[in-house]
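Reading through the structure tokens given below for one structure.
Protein chains get the first letters and strands the later ones, always in sequence-line order, with residue 1 at the start of each.
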2 protein chains.
Amino acid sequence: MVREDIHTTGIPVLCVSCEARHRGICGALNPDQLVALSKSTKRHRAETGKELMSDCGSVDRFSNVLSGVVKLTKTLSDGRQQIVGLQFAPDFLGRPFQAESTLTAEAATNVELCSFPRQTLERMMKEQPDLEHRVLEQKLRELDQARDWMVALGRKTAAEKIASFLLMIARNIDPAAGPEHRVTAFDLPLSRAEIADFLGLTIETVSRQLTRLRGDNVIRIDNNRHIVVGDLARLAARSGD
Amino acid sequence: MVREDIHTTGIPVLCVSCEARHRGICGALNPDQLVALSKSTKRHRAETGKELMSDCGSVDRFSNVLSGVVKLTKTLSDGRQQIVGLQFAPDFLGRPFQAESTLTAEAATNVELCSFPRQTLERMMKEQPDLEHRVLEQKLRELDQARDWMVALGRKTAAEKIASFLLMIARNIDPAAGPEHRVTAFDLPLSRAEIADFLGLTIETVSRQLTRLRGDNVIRIDNNRHIVVGDLARLAARSGD
DNA sequence: CGTCAAATTGAGGGCTGTCAATCGCGGTGG
DNA sequence: CCACCGCGATTGACAGCCCTCAATTTGACG
């Protein structure tokens, strides 16, 4: 499934070292198609907090996440928020076959994106079934993740939610590593408020549970954001599943 | 997108009046392909409670739901359960490109299914991109629904969850109707215990909230299962979004 | 050193869970 | 026909987890 990468003849400069060409959707494209897509491609950065798509806004560009973390949120009419997904490099960001977005995408950290017109991608998906296949695989992974979080949201305690969250970040924060790899030290990509919105909790409960994990010597916390997991097994034992 | 249906020449008898050929994934197939698929197709019924796929079990057949409701559940190690999806006719039931299931599928009501070997479908998806496209569209809808429920699970109160649930059933229980149609009287496809597992609540809380909706004359309840929504707008007003 | 936002900590209350008793309905058998 | 049973649903009392509100601390930055 991983694309051979011996010669890079004819591949756009932008794409040569791009992770999306290896594990992302662009791996389905041949050099000519990469050239065609890259004509309307824009690579750019977005600062933490920048809104990338907005609920009920029209969407005319999709993106690959090249680095950083993007959060997908939904908001109720009275302001309550829920984060419904986190995307890491080299995830594909966008909802094909729908002009209006039903959620908001926001840069949770500084991010690098590679974006392209929605219609270009949808046309190429028609012409190149492998591309649509890659998108399907990505969306199936997102669906699996969404369902895992439904269990956490509906049935786990606050302590279990926090443990599950930390494990999930440990699995995904390193863009180079494979799916089963877990780092034991990392910077949280989310603030306490965002973690609360992700786990269906309040800021205070998130803080209390993190403090408790630190008190029990399961993790260390430096500068509020940096987490060192001392005992991965003990953290996993507290995740509920 | 809806398939023309003037002549039915060459279409397998089983498929002629099948809803999956109109709004389901089989709409992507031409008569020859339908014949090919129908060779390894089995149509069968399953009683309420019958397990259709099991967590960690191998999956060698996918299905279309022709009637009834299928529930998708996940279970934590200590027995806590969460329903992570409901499938109505003519939904496609299965997780392509993965031999092992990560969830359990169970007949919530008596259901009719049309099943076919996983490998046959995956091969046809390769040969017929339209079919893969249909699967993608279905999985994108499931993802949208999963994210809507994440908001409910994480941020809605018990009362709002119940109201949202009733509205969702009203939208989906009638297989013939379109997506924006809502019926005002229907039989609940789930028991109180199942509703609780769907909404991340307990049986008692579900019962109390239904009783309250009845007391406020928003709904009527006959025989525990039959619901008549007296005031759809007032129910929607209590759904939170 | 002062300012400000983010995070922590504490006290108290409410929503929902837990446990237990009762109700209602359908089925079975006398 | 009626008593009995079994299961799901309802109702009540109480407790606990998490939320709310508020004060304090911490850390980043000028």
Round to a whole Å and report the spacing from CZ of R80(A) to P of dC18(D). 18 Å
Check whether any side-chain heavy atom of [X] lies under 4.5 Å from a side-chain heavy atom of [Y], and answer yes or no.
X	Y	answer
T102(A)	Q98(A)	yes
L66(A)	L113(A)	no
M168(A)	D148(A)	no
T202(A)	V206(A)	no
E142(A)	R147(B)	yes
T211(A)	L213(A)	no

In sequence, state the C-alpha distance, the side-chain angles, and the governing distance for E160(B) and R80(A), and then conclude on salt bridge (charged side-chain N to carboxylate O under 4.0 Å, His left out). CA-CA 13 Å; E160(B) 290 169 335; R80(A) 281 173 290 175; 2.8 Å; yes
Return the residues of residues 189-203 of chain B meeting this criterion: a heavy atom under 4.0 Å from some atom of DNA chain C. Order them by number, or give none. G200(B), L201(B), T202(B)
Strictly below 4.0 Å, heavy-atom distances to any atom of DNA chain C: list the hits from residues 210-222 of chain B, or just say none. none
Taking only distance into account, with no hydrogens and no angle test, what donor-acceptor pairs under 3.5 Å do side-chain atoms of residues 169-179 of chain A form with protein atoms, sequence neighbours excluded?
unit_1, atom_1, unit_2, atom_2, d
D174(A), OD1, A176(A), N, 3.1

Suppose the criterion is side-chain hydrogen bond (donor to acceptor under 3.5 Å, both in side chains): which pairs have a residue in residues 59-73 of chain B, not counting sequence neighbours? R61(B)-S115(B), S67(B)-E112(B), K71(B)-E194(B)
For residues 224-241 of chain B, which residue pairs pass the side-chain hydrogen bond (donor to acceptor under 3.5 Å, both in side chains) check, not counting sequence neighbours? K156(B)-D241(B), D187(B)-H226(B), D216(B)-R238(B), D231(B)-R234(B), S239(B)-D241(B)
So what is the end-to-end bend of the helix from dC1(C)-dG30(D) to dG30(C)-dC1(D), with 5 pairs used at each end and the value given to 10 degrees? 30°
Under the salt bridge (charged side-chain N to carboxylate O under 4.0 Å, His left out) criterion, do E19(B) and R23(B) qualify, and how do the steps go? CA-CA 6 Å; E19(B) 200 59 39; R23(B) 300 192 298 125; 3.5 Å; yes
Applying salt bridge (Lys or Arg N to Asp or Glu O under 4.0 Å), name anything that partners R118(A), two or more places apart in sequence or on another chain. E122(A)
With sequence neighbours excluded, tell me which residues meet salt bridge (Lys or Arg N to Asp or Glu O under 4.0 Å) with D197(A). R155(B)
Let me have the donor-acceptor pairs involving side chains of residues 46-59 of chain B, under 3.5 Å, with sequence neighbours excluded, atom names and distances please.
unit_1, atom_1, unit_2, atom_2, d
T48(B), OG1, N110(B), N, 3.2
T48(B), OG1, N110(B), OD1, 3.2

Note: chain A reaches DNA chain C at heavy-atom distances under 4.0 Å over the stretch, first to last nt, 5' to 3', of dA7(C) to dA11(C)
Answer with yes or no after comparing the ring centroid distance for F116(B) and F62(B) against a 6.0 Å cut-off, counting only values under it. no
Nearest heavy-atom approach of Q82(B) to V151(A) is CG-CA, 3.8 Å
Can you list, in residue-number order, the parts of residues 153-164 of chain A that come under 4.0 Å of DNA chain D, counting heavy atoms only? T157(A), A158(A)
Any sub-3.5 Å donor-acceptor pair from Q209(A)'s side-chain atoms to I162(A)'s backbone N or O? no
Could you go through nucleotides 21-29 of chain D and list every protein N or O atom that sits under 3.5 Å from one of its N or O atoms, giving the distance for each pair?
unit_1, atom_1, unit_2, atom_2, d
dC21(D), N4, E204(A), OE2, 2.9

